Amino acid sequence: MAMTMTEKILASHAGLESVQAGQLIKAKVDVVLGNDITSPPAIAEFNKIGRPVFDKDKIVLVPDHFIPNKDIKSAQMAKTLREFAHEHDITNYFEVGRMGIEHVLLPEEGLVVPGEVIIGADSHTCTYGAVGAFATGVGSTDMGAAMATGDTWFKVPSAIQVNITGSMPKYVCGKDVILTLIGMIGVDGARYQSLEFTGPGIANLSMTDRLTIANMAIECGAKNGIFPIDGVTIAYLNGRTKKTYQAVSADSDAIYTRKIDIDLSDLTPVVALPHLPENVKAVRELPEISIDQVVIGSCTNGRIEDLKQAAVIMSGKSVHPKVRTIIIPGSQAVYLEALEKGYISTFIKAGAVVSTPTCGPCLGGYMGILAAGEKAVTTTNRNFKGRMGHVDSEVYLTGPAVAAASAITGRICGPEEMVK
Amino acid sequence: MDKKLIFHGRVWYFGEDVIDTDQILPGYAMTCEREQLKDYALAGSKIPDFAKKVQPGDIIVAGKNFGAGSSREQAPVALQSSGVGAVVAVSFARIFRRNAINIGLPVLYADLIGLVKSGDEITVDFNTGEITLPDGRTVAGQQPGESVRSILAAGGLIPKVRQQLQRKGGEAK
């Protein structure tokens, strides 16, 4: 029976010849991921089961959300995570100084590879579909149970085919691709489904673009988003992973419930306006919107190419006097590379602050919370009401180049304005 | 017919707006101990004092994509511990629904938009998916699958996993 990539991966992990959409299966997991805010409840549930961890090499624990500890309560949660990692001798626990934002760190460290089944107690776990894995977010109880059993239940998702052609014009990035898609289908347009990216245009998307696109699959409700395994994937993994993996590909006659065509050549820089990621508008169609803060970073756009896009725009310029600009490299490796390439110097000279890796501001944790009435342009993934602070603040989602240009002008604008 | 799966309660009607997890439990409340989460239930919503007003057994009625966004299990835990007995929505975000079932918070697919208002008393039968309105009319919701009902009957996923491990002759405590 013809299967999608997701169906093939789930079938192999369930020990079945084939699976079909809607089927309930029990699948083995290759990676179980947790962070400092979702793991403590997971550990409490794990302890109720009364078993050892199923495999200390397959559990990945990353303190990244409120880390370095923002207050006493977050310090306590981080301590719970740290002590669990040490007690169970977890191989991949990343302490402050080595940690990064989990979805930047795991691909970078080669801990996620094609064909795997990955669950993480974080909704953006779907990021790893970029390397051709089935990866999906779960809650703490699922994480706790899987740490004991090494498997979990899934309903096999039906699939939407996203057929990509063309190549991106200048100043268009992966963020514009996924925001455009979410704008087309809405925040529940792929609810419970798999987004399967196909087509010749994929060869023109870098791994950074793919990671950004897969990262936000959840923002249209998808269970996972998955890219085919190609030369870009192999080149990215070479020298990065010690894991062996097998290439999986969709059957040519796999069944999709819907096909969506995106021609990259038609895209333009876009913004998702408050308060849903589906409120997508072209930057050039916006009225003048003055802003108070810019954040460049996060699991969506915290990689070196993202910082490069911002640095190119900000080089030799100054952040608008009424704007606070916060740059957050996604990992220590990204931070170091940005330092060596001079991006950090560019940001600081422009009047931005540069933070250690953290999810902090994206979820209204710390390191850039908004007051009532304030507006922020951010490269993060959600603009729900109150997401980054006061319920009467506003979040505008963009790619790094638009965010950087907006930081300079103090209003939402496209990067082409900077290079006139 | 499992009587534990029949809920009668007072409605909190949220209409058609998407209720995301940042409204159900704002990020700033994520460091709370489990016991304090209830104080922040729906603190980011249009009913910010929900936690003070909710009564045990109350039923939330909402529109599409309830629980969109974060995987934070603290969101359904906050609702459950504040006293919410069940959530009825046109649709649920996948991770939220899975979390709710895992912790034993009953969630049912049904479209009650325009059929009820806050303060109405309704009965929700998770055995059949049927909802009885104040005037006695009934609305058919989606009957939960056997696996969902078995997790809810066990009291959540962890009790169910423990049962399974014990059946295998394991050494679960």
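All values below come from the heavy atoms of this structure, side chains included, with hydrogens, waters and symmetry mates left out. We name chains A, B, ... by the order of the sequence lines, and we start the count at 1 in each one. Only a predicted model underlies this, so the values are computations on that prediction, with no experimental measurement involved.
The shortest heavy-atom contact between B/C32 and A/K73 is SG-NZ, 4.4 Å. The nearest pair of heavy atoms linking B/F92 to A/Y192 is O-CE1, 3.7 Å. Heavy-atom minimum distance, A/S123 versus B/G69: CB-O, 3.5 Å. In this structure, A/E45 and B/R34 approach most closely via the heavy-atom pair OE2-NH1, 4.3 Å.
Between chain B and the options A/M77, A/R382, A/M388, A/K155, heavy-atom pairs under 4.5 Å are most frequent for A/R382. Contact count against chain A (heavy-atom pairs under 4.5 Å) is highest for B/S91 among B/S91, B/P76, B/G156. With chain B as the partner, the residue from A/L276, A/D142, A/T38, A/T125 showing the most heavy-atom pairs under 4.5 Å is A/D142. Between chain B and the residues A/S74, A/A121, A/G386, A/G137, the largest count of heavy-atom pairs under 4.5 Å involves A/G137.
Between A/N35 atom CG and B/S71 atom OG the span is 7.0 Å, to the nearest 0.5 Å. Taken to the nearest 0.5 Å, the OG1 atom of B/T31 stands 13.0 Å off from the NE2 atom of A/H65.
The contact between A/F384 and chain B is made by backbone and side chain atoms together, counting heavy-atom distances below 4.5 Å. A/T149 touches chain B through its side chain: at least one heavy atom from C-beta onward sits under 4.5 Å away, while N, CA, C and O do not. Neither the backbone nor the side chain of B/E33 comes within contact range of chain A, judged by heavy atoms closer than 4.5 Å. Contacts between A/I72 and chain B at a heavy-atom distance below 4.5 Å are absent for every atom of the residue. Contact annotation for A/R191: only side-chain heavy atoms (C-beta onward) come within less than 4.5 Å of a heavy atom of chain B. Only the side chain of A/V391 has a heavy atom closer than 4.5 Å to any heavy atom of chain B.
Using a 4.5 Å heavy-atom cutoff, the side chains of A/H275 and B/D20 are not in contact.
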> Checking side-chain contact (heavy atoms from CB on, under 4.5 Å) for the pair A/I218/B/I95: CA distance, chi angles, key distance, verdict?
Replying inline: CA-CA 10 Å; A/I218 178 71; B/I95 305 175; 3.9 Å; yes
>> Go through it in stages, so that I can follow the logic: the residues are A/T141 and B/N99, the test is side-chain contact (heavy atoms from CB on, under 4.5 Å), and I'd like the CA-CA distance, side-chain angles, deciding distance and then a yes or no.
In response: CA-CA 7 Å; A/T141 295; B/N99 286 344; 6.0 Å; no
>> Set out, in order, the CA-CA distance, both residues' side-chain angles and the distance that settles side-chain contact (heavy atoms from CB on, under 4.5 Å) for A/L363 and B/R72, then state yes or no.
In response: CA-CA 11 Å; A/L363 73 161; B/R72 61 187 68 155; 4.1 Å; yes
> Do B/R98 and A/T152 pass the side-chain contact (heavy atoms from CB on, under 4.5 Å) test, and can you show the C-alpha distance, the side-chain angles, and the key distance before you say yes or no?
Replying inline: CA-CA 12 Å; B/R98 186 166 170 138; A/T152 196; 2.9 Å; yes
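Identified by a heavy-atom distance below 4.5 Å to chain A, the contributing residues of residues 110-147 of chain B are B/S147, in residue-number order.
Residue-environment remark: NZ (A/K385) exceeds the threshold of 12 foreign heavy atoms within 6.0 Å.
Side-chain atoms of B/Q74 come within 3.5 Å of backbone atoms of A/I37 as a donor-acceptor pair (strictly under, hydrogens ignored).
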